[in-house]
Amino acid sequence: MARSMVDAAQDPGARHLPVLLDRVVALLAPALDVPDAVLVDCTLGLGGHADALLSALPNLTLVGLDRDQDALALAGRRLARHGDRVHLVHAVYDQLPAAIGELGFASVQGVLFDLGVSSMQLDEADRGFAYARDAPLDMRMDQQAGPTAADVLNTYPAADLTRILREYGEERFASRIAAAVVRERAKAPFDTSARLVELLYAAVPAATRRTGGHPAKRTFQALRIEVNSELDVLRAAVPAALQALAVDGRIVVEAYQSLEDRIVKRVFADWSASRTPVGLPVELPGHGPRLRLLTRGAEQATEAQIEDNPRAASVRLRAAQRLDDGVAA
Ligand SMILES: C[S@@+](CC[C@H](N)C(=O)[O-])C[C@H]1O[C@@H](n2cnc3c(N)ncnc32)[C@H](O)[C@@H]1O
């Protein structure tokens, strides 16, 4: 077991500060301070947000989802003191409806998404999420399922590699990098990150390196999104979560890159708009807004919050409340 894993197992809270914790609790609490309230934490991670919410709200039951078995084990240990108020489910978050259904909950009062990888996943070198150390090109959040980053690099046609680098990494040099990958893998397949990072240093011009950050940053993001189907899953999960919210239930989403935030923004905009045909003098029953936005645009962290927790630097937080549109749960 790697050293950081041991630290986390002993005290999962010790090296992880949940992002915008007070704000998340303040936004969710009004919906959760009712008898029999249920919160689904779709990205349980090390259970930091979940622990704070369970402590603040004595009536709260938590359903914690994570696709990473290691995260569930660590969070389970951290949350054990809350006893049978905690249900942990190994699931991808678009499986939220089935997860709550199996536990007998028809609807829930709160949903939280804190997207991306956890500090534990980044710290575990052999998971392959970080480009700073040579490690197997894995990047699967669920280590039991699906292709690895090495599989993507070694098998995708150049056109598909170009597409994912461009779409998911917003990488200007996508086709140049894809061509270099195809050329190099013909010599020997990729297995660890150092060789890929070296290739990226050669493929991304020095001038871009000065302004665009580490040359591996965008390619690693793209591979991670592809390996875990992150955007497709999120596109399905946010509407499913809104569907599961009871009237007055609240949702908070913390996104760390624009592709994810854009998906959340679009779904929230759609659900907060009226569907009554333009020109009708009154709202048609079942056609009114289904959501009230609780944040103006996306909230960002203050300088002080970023100083406390550097991971907050890129956070975009959106929150909303389910409205009674005549058909809500
Ligand atoms: C940023 S961490 C969450 C940290 C957590 N809020 C805390 O305070 O400890 C994100 C977690 O979500 C999980 N995750 C990411 N995408 C997921 C998905 N599609 N389905 C289920 N879990 C996912 C990751 O495995 C990771 O453990």
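Computed from a predicted structure; not experimentally measured. Reckoned from all heavy atoms, side chains included, excluding hydrogens, waters and symmetry mates.
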Check for a donor-acceptor pair, side chain of Arg85 on one end and backbone N or O of Leu60 on the other, with a separation under 3.5 Å. yes
Flag for Tyr256-Asp114: side-chain donor and acceptor within less than 3.5 Å: yes
Check: His82 side chain, Ala80 main-chain N or O, donor-acceptor pair, under 3.5 Å: no
Separation of Tyr93 OH from Leu112 CG (nearest 0.5 Å): 11.5 Å
Apply salt bridge (Lys or Arg N to Asp or Glu O under 4.0 Å) to the pair Glu198 and Arg195, showing each step before the final yes or no. CA-CA 5 Å; Glu198 198 181 311; Arg195 191 166 151 232; over 6 Å; no
For the backbone of Ala203 and the side chain of Arg176, can you confirm whether one donor and one acceptor N or O come within less than 3.5 Å of each other? yes
Can any side-chain N or O of Asp142 pair as donor or acceptor with the backbone N or O of Asp68 at less than 3.5 Å? no
For the backbone of Leu115 and the side chain of Thr43, can you confirm whether one donor and one acceptor N or O come within less than 3.5 Å of each other? no
Report the distance from atom CG of Leu65 to atom CZ of Phe113, rounding to the nearest 0.5 Å. 8.5 Å
Between Gln321 (side chain) and Gly249 (backbone), is there a donor-acceptor pair under 3.5 Å? no
Can you tell me if Asp151 and Thr148 form a side-chain donor-acceptor pair at under 3.5 Å? yes
Within the 4.5 Å heavy-atom criterion, are Leu231 and Glu260 side-chain neighbours or not? yes
Would you check if the side chain of Gln95 reaches a backbone N or O of Val92 as a donor-acceptor pair within less than 3.5 Å? yes
I'd like to know if the side chain of Arg290 reaches the main chain of Gln243, judged simply by a donor and an acceptor atom lying under 3.5 Å from each other, with no hydrogens or angles considered. no
How long is the gap from CZ on Arg67 to CD on Gln144, to the nearest 0.5 Å? 12.0 Å
Going from CG on Leu62 to CG on Leu53, what distance comes out if it is rounded to the nearest 0.5 angstrom? 8.5 Å
Are side-chain heavy atoms of Phe190 and Leu199 found at a separation under 4.5 Å? yes
When rounded to the nearest 0.5 angstrom, what distance separates OG1 in Thr155 from CG in Leu161? 8.0 Å
Are Leu317 and Phe268 connected in a single hydrophobic cluster, I mean Ile/Leu/Val/Met/Phe/Trp/Tyr linked by side-chain heavy atoms less than 4.5 Å apart? no
What is the distance from atom CG of Leu20 to atom CZ of Arg316, rounded to the nearest 0.5 Å? 11.0 Å
I'd like to know if the side chain of Asp138 and the backbone of Arg127 have a donor-acceptor N/O pair within less than 3.5 Å. no
Start with the C-alpha distance between Leu79 and Asp51, add both sets of side-chain angles, then the distance that settles side-chain contact (heavy atoms from CB on, under 4.5 Å), and finish with yes or no. CA-CA 6 Å; Leu79 302 176; Asp51 194 24; 3.7 Å; yes
Indicate yes or no for a side-chain donor-acceptor contact from Asn228 to the backbone of Met139 under 3.5 Å, with no hydrogens or angles considered. yes
